[in-house]
Amino acid sequence: MNLVFASNNKNKIKEIQSILPETIKIMSLEEIGCYEDIPETAATIEGNAILKADYVTRKYGYDCFADDTGLEVNALNGEPGVYSARYAGEQRDANDNMDKLLNALSDQSDRSAQFKTVIALNLNGAQHLFTGIAKGNITLNKTGSHGFGYDPIFQPENYTETFAELSSEIKNKISHRAKATQQLIDFLNPTK
């Protein structure tokens, strides 16, 4: 089965393809000739996933799935949430985003947070949503060199390392994206 993944984020594409079974091949937006930035103007993570999936299906006619992810920090009333990628500005720089978040939490004792991924699948004229959540805490400093985004400052529950310190094999079992992707796989392969 071939499905378009409505993303040009090479890190995200590689991560999801490594989780999917070999029977499901994903094509990036670039591979279908979509080079424009799909507007992410919804007020929720779910809304942005739906916007991206619907854009590809409507404009290019492909069955596809799209995801959106946000980091929700309890002490910041769920921020950065839907604005996680551009928390520190439109330049979408991961280090700037982490620095701003660490600064915002500098006087907070509650550092609990969760990553939330929502996948919107458009398949055979119907839409399905899958949600994955990884709970954890925001660390005091950046540690680790694996992963991307906020991984160097997010320590998942029951682990002493950040996502950026964990191997991709472990992260791909416990992450928010892995959980949502597993629901997608279970839906596409109900007999397994």
Side-chain angles (χ1 to χ4, degrees), residues 6-13 15-16 19 37-53 55 65-120 129-168 170-184:
S7 178
N8 274 324
N9 180 326
K10 290 183 181 4
N11 289 316
K12 202 185 280 188
I13 292 166
E15 186 173 301
I16 286 198
I19 299 168
D37 274 335
I38 300 173
E40 295 181 43
T41 54
T44 63
I45 293 166
E46 291 86 353
N48 277 339
I50 291 167
L51 275 176
K52 291 187 274 188
Y55 183 92
F65 68 97
D67 82 322
D68 198 39
T69 296
L71 177 63
E72 300 171 333
V73 180
N74 291 327
L76 302 178
N77 299 313
E79 287 186 8
V82 73
Y83 302 106
S84 292
R86 54 190 182 279
Y87 187 50
E90 288 303 318
Q91 75 276 17
R92 295 172 175 249
D93 183 83
N95 277 310
D96 292 349
N97 289 337
M98 286 187 283
D99 290 342
K100 180 176 179 177
L101 182 60
L102 291 173
N103 189 48
L105 288 176
S106 61
D107 60 350
Q108 297 290 333
S109 57
D110 178 7
R111 300 182 78 83
S112 61
Q114 68 178 24
F115 268 120
K116 177 180 179 182
T117 292
V118 176
I119 293 176
L129 297 179
F130 309 98
T131 302
I133 290 177
K135 294 185 177 294
N137 289 291
I138 303 301
T139 58
L140 296 171
N141 302 296
K142 301 174 203 169
T143 52
S145 57
H146 303 296
F148 58 97
Y150 293 91
D151 286 357
I153 61 169
F154 184 80
Q155 181 181 15
E157 275 184 348
N158 305 315
Y159 286 84
T160 55
E161 304 90 353
T162 65
F163 269 166
E165 294 174 291
L166 292 171
S167 69
S168 58
I170 293 173
K171 185 186 173 197
N172 288 348
K173 286 188 175 93
I174 66 167
S175 79
H176 45 294
R177 190 169 290 110
K179 291 174 183 176
T181 303
Q182 189 58 55
Q183 293 171 38
L184 171 71

Could you walk me through whether I170 and Y159 pass side-chain contact (heavy atoms from CB on, under 4.5 Å), step by step? CA-CA 11 Å; I170 293 173; Y159 286 84; 3.8 Å; yes
Contact summary for P156 and I174, nearest pair of heavy atoms: CG-CD1, 4.0 Å
Can you give me the closest heavy-atom contact between D107 and A104, atom names plus distance? OD1-O, 4.0 Å
Pair T117-I119, side-chain contact (heavy atoms from CB on, under 4.5 Å): steps then yes or no: CA-CA 7 Å; T117 292; I119 293 176; 4.3 Å; yes
Shortest non-hydrogen pair, Y87 vs P80, comes out as CD1-CB, 3.2 Å
So how far is it from D67 CG to E46 CD, rounded to the nearest 0.5 Å? 12.0 Å
d(D99 CG, D93 CG) to nearest 0.5 Å is 8.5 Å
What distance do E40 atom CD and I45 atom CD1 have between them, rounded to the nearest 0.5 Å? 11.0 Å
Smallest heavy-atom separation, T162 atom then T139 atom, equals CG2-CG2, 3.8 Å
For L166, is there any backbone N or O sitting under 3.5 Å from a side-chain donor or acceptor partner on K171? no
When you measure from the side chain of Y150 to the backbone N and O of L101, does any donor-acceptor pair fall under 3.5 Å? no
Got a salt bridge between E79 and K100, using NZ or NE/NH1/NH2 to carboxylate O under 4.0 Å? no
With S168, which residues qualify under side chain to side chain contact (heavy atoms under 4.5 Å, CB included), at least two apart? N172
Heavy-atom side-chain proximity of I133 to H176 below 4.5 angstrom: no
Mark yes or no for whether R111, through its side chain, and I138, through its backbone, hold a donor-acceptor pair below 3.5 Å. yes
Within the 4.5 Å heavy-atom criterion, are V82 and N48 side-chain neighbours or not? yes
Please round to the nearest 0.5 Å and tell me the distance separating atom OG of S145 and atom CD of E165. 9.0 Å
Working to the nearest 0.5 Å, report the span between CZ of R177 and CD1 of I16. 6.0 Å
Straight-line distance of Q183 CD to T181 OG1, nearest 0.5 Å: 9.0 Å
If you compare all heavy atoms of A42 against all heavy atoms of G47, which two are closest, and at what distance to 0.1 Å? CB-C, 3.4 Å
Do the charged groups of K116 and D68 touch, with an N to O distance under 4.0 Å? no
So L129 and I50, side-chain contact (heavy atoms from CB on, under 4.5 Å) or not? Walk me through it. CA-CA 9 Å; L129 297 179; I50 291 167; 3.8 Å; yes
Throw together a table of side-chain donor-acceptor distances under 3.5 angstrom for residues 70-78, partners on residues two or more places apart or in other chains.
{"unit_1": "E72", "atom_1": "OE1", "unit_2": "Q114", "atom_2": "NE2", "d": "2.8"}
{"unit_1": "N74", "atom_1": "ND2", "unit_2": "S112", "atom_2": "OG", "d": "2.7"}

Where is the tightest heavy-atom contact between I19 and A178, given as atom of each residue plus distance? CD1-CA, 3.8 Å
Keeping N11 on the side-chain end and F148 on the backbone end, is there a donor-acceptor pair under 3.5 Å? no
Go through F163 and F115 one step at a time and tell me if the side-chain contact (heavy atoms from CB on, under 4.5 Å) criterion holds. CA-CA 11 Å; F163 269 166; F115 268 120; 3.8 Å; yes
